[in-house]
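Down below is the structure, laid out as structure tokens.
For ligands, and for the atoms within them, numbers begin at 1 and follow the listed sequence. This one's a predicted model, so the numbers in the text were calculated from it and none came from an experiment.
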Amino acid sequence: MKKEKILVTGGTGYIGSHTVVELQNNGYEVIIVDNLSNSSLEVLDGIASITGKKPDFEQIDCCDMSAMERIFNQYSDIKAIIHFAASKAVGESVEKPLMYYRNNLVSLLNILELMSKYNCPNLVFSSSCTVYGQPDKLPVTEDAPVKAATSPYGNTKQIAEEIIRDAIHADKNLKSIALRYFNPVGAHPSAAIGELPNGIPNNLIPFVTQTAIGIRSRLRVFGSDYNTPDGSAIRDYIYVSDLAKAHVIAVERLLENRNRKGLEFFNLGTGRGLSVLEVLNEFEKATGVKVEREIVGRREGDIEKVWADPSWANSELGWKAETSVSAMLQTAWTWEKALKNKK
Ligand code: NAD
Ligand code: WQD
């Protein structure tokens with residue numbers, strides 16, 4: 001049976017590409033809109049090598065209203081939108097706040113306006129655990145207070161959630177699921193798609209794999225004096241394909257009108273917190289490769305510890321992160337080695 005058409009913005013990006021694979025594997029037709037500001041056309045070949053089908057692709061900036069409107073005219077049967085397209089580097093957002101507000105918010109405003117105008121009511125939005133800041137209670141649940149953002153990037157996610165809430169309040173036809181991701185890691189097991197960090201990685205896992213393969217001389221462990229069992233900071237690392245599968249379920253929930261309120265929030269995490277040092281141990285155990293490290297001071301703006309209570313997503317979406325830490329780190333390592341071979 002032919003399933004519905006889904007518009008995926010940012011679909012050649014890291015999480016987007018893994019989600020496109022899951023959508024196609026579940027029979028959905030996918031149209032990707034991406035301006036390739038942080039991804040490349042080769043990702044489409046990677047997707048096709050896994051699913052056997054190249055998704056439709058339009059190189060468009062979501063901030064360009066007339067180009068986006070053309071998409072809604074051209075593909076009149078779009079049933080849902082998954083909006084990944086955004087700039088995501090926390091440090092860069094401090095340097096270029098206006099660029100972040102423009103890119104992350106104008107793109108969303110355009111999409112919401114077009115959703116109302118073209119009667120295309122279903123939106124899955126990429127939010128982030130960053131909205132919780134340092135939570136008072138752990139594990140963190142969806143009803144925890146949203147804390148003042150520590151970066152313009154984080155603020156764009158908070159404002160975006162508010163914009164969606166207000167748009168739905170005004171147009172009762174609209175529905176949205178905001179997925180609050182914890183720390184997505186790993187790559188598709190085929191190593192046909194994965195994370196492509198631009199320049200020196202900020203995130204832990206790409207830095208770990210680049211150190212293991214010799215691109216970087218050592219990993220700096222930021223902070224050894226946190227109030228955690230080993231003194232390093234704790235996060236909830238979730239396998240990217242597990243995360244991707246939750247988007248397919250969210251789309252189905254919207255299409256079947258099963259969301260209870262206009263706007264719902266779900267934590268996408270494993271429920272298990274791992275310290276930086278534990279991640280390094282797990283990586284060395286999983287791959288047999290040593291990671292040179294140096295313990296240094298805290299990174300500015302970092303929080304001490306956060307991990308999800310994913311029970312609402314588990315019970316309500318029927319979704320659970322299933323991949324072990326060891327397996328997810330192995331996929332990250334396989335991907336790093338595949339990248340080396342491509343060079
Ligand atoms: P990514 O940079 O790999 O993917 C984003 C994609 O969007 C890229 O392909 C980029 O070219 C595209 N893009 C950016 N601005 C655009 C625009 N104006 N028009 C069209 N395309 C545009 O990032 P990702 O890690 O896949 O993140 C996807 C989403 O998830 C983002 O909204 C991000 O903020 C959110 N998120 C990511 C993480 C994470 O750690 N990776 C965590 C929480 C939330
Ligand atoms: C994880 C841990 C670092 C690099 C960021 C954004 C967040 C979200 C995900 C989008 C921290 C430590 C890291 C290194 C290290 N993105 N670390 N050495 O900071 O949890 O979250 O990405 O929404 O908004 O802030 O992820 O991977 O950068 O860091 O010790 O070289 O690893 O200090 O404790 P983070 P991360």
Looking at Leu36, which atoms of ligand 1 are within less than 4.0 Å of one of its heavy atoms?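 Numbered from 1, ligand 1 contributes 11 (O).
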Identify, by atom number and element, the atoms of ligand 1 in contact range of Tyr153, meaning under 4.0 Å from any of its heavy atoms.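 In order of numbering, the contacting atoms are 33 (C), 34 (O), 35 (C), 36 (N), 44 (C).
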Does only the side chain of [X] get under 4.0 Å from ligand 1, or the backbone, or both, or neither? Count heavy atoms.
X: Cys129; result: neither
X: Asn103; result: side chain
X: Asn203; result: neither
X: Lys157; result: side chain
X: Asn183; result: neither

Protein residues that have a heavy atom under 4.0 Å from any atom of ligand 2, sorted by chain and number: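 The answer is Val90, Ser128, Thr130, Tyr153, Asn183, Asn202, Asn203, Leu204, Phe207, Leu219, Arg220, Val221, Phe222, Ala233, Arg235, Tyr237, Val276, Arg299, Asp302, counting any residue whose heavy atom sits under 4.0 Å from ligand 2.
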Where is the nearest protein heavy atom to atom 30 (O) of ligand 1: which residue, which atom, and how far?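 Heavy-atom neighbour on the protein nearest atom 30 (O) of ligand 1: Tyr181 CE1, 3.3 Å.
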Nearest non-hydrogen protein atom, atom 3 (O) of ligand 1: Tyr14 N, 2.8 Å
Could you tell me whether some N/O pair between Gly10 and ligand 1 is separated by less than 3.5 angstrom?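 Between Gly10 and ligand 1, no N or O pair is found under 3.5 Å apart.
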Would you say ligand 1 has an N or O under 3.5 Å from any N or O of Ser128?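 Checking ligand 1 against Ser128, no N or O pair falls under 3.5 Å apart.
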Could you tell me which residues satisfy side-chain contact (heavy atoms from CB on, under 4.5 Å) with Lys88, sequence neighbours excluded, listed by chain and number?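 Applying side-chain contact (heavy atoms from CB on, under 4.5 Å) to Lys88 gives Asn38, Tyr153, Glu195.
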For residues 321-336, which residue pairs pass the side-chain hydrogen bond (donor to acceptor under 3.5 Å, both in side chains) check, not counting sequence neighbours?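 Every side-chain hydrogen bond (donor to acceptor under 3.5 Å, both in side chains) pair that includes a residue of residues 321-336, provided the two are not neighbours, is Thr209-Glu336, Asp242-Thr323.
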Just checking, any donor-acceptor pair under 3.5 angstrom between side chains of Tyr181 and Ser126?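 Indeed, the side chains of Tyr181 and Ser126 share at least one donor-acceptor pair under 3.5 Å.
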Checking side chain to side chain donor-acceptor pair (under 3.5 Å) for the pair Tyr28/Glu22: CA distance, chi angles, key distance, verdict? CA-CA 9 Å; Tyr28 287 100; Glu22 298 303 327; over 6 Å; no
For atom 14 (C) of ligand 1, which of the options Pro184, Ser107, Pro197, Ser37 provides the nearest non-hydrogen atom?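 Shortest heavy-atom distance from atom 14 (C) of ligand 1: Ser37.
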Tell me which one of Arg216, Arg220, Arg218 satisfies salt bridge (charged side-chain N to carboxylate O under 4.0 Å, His left out) with Glu294.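 With Glu294 as partner, Arg216, Arg220, Arg218 yield a single salt bridge (charged side-chain N to carboxylate O under 4.0 Å, His left out), made by Arg218.
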Quick one: ring-ring contact (aromatic ring centres under 6.0 Å, His included) pairs with a partner in residues 196-220, sequence neighbours left out? none
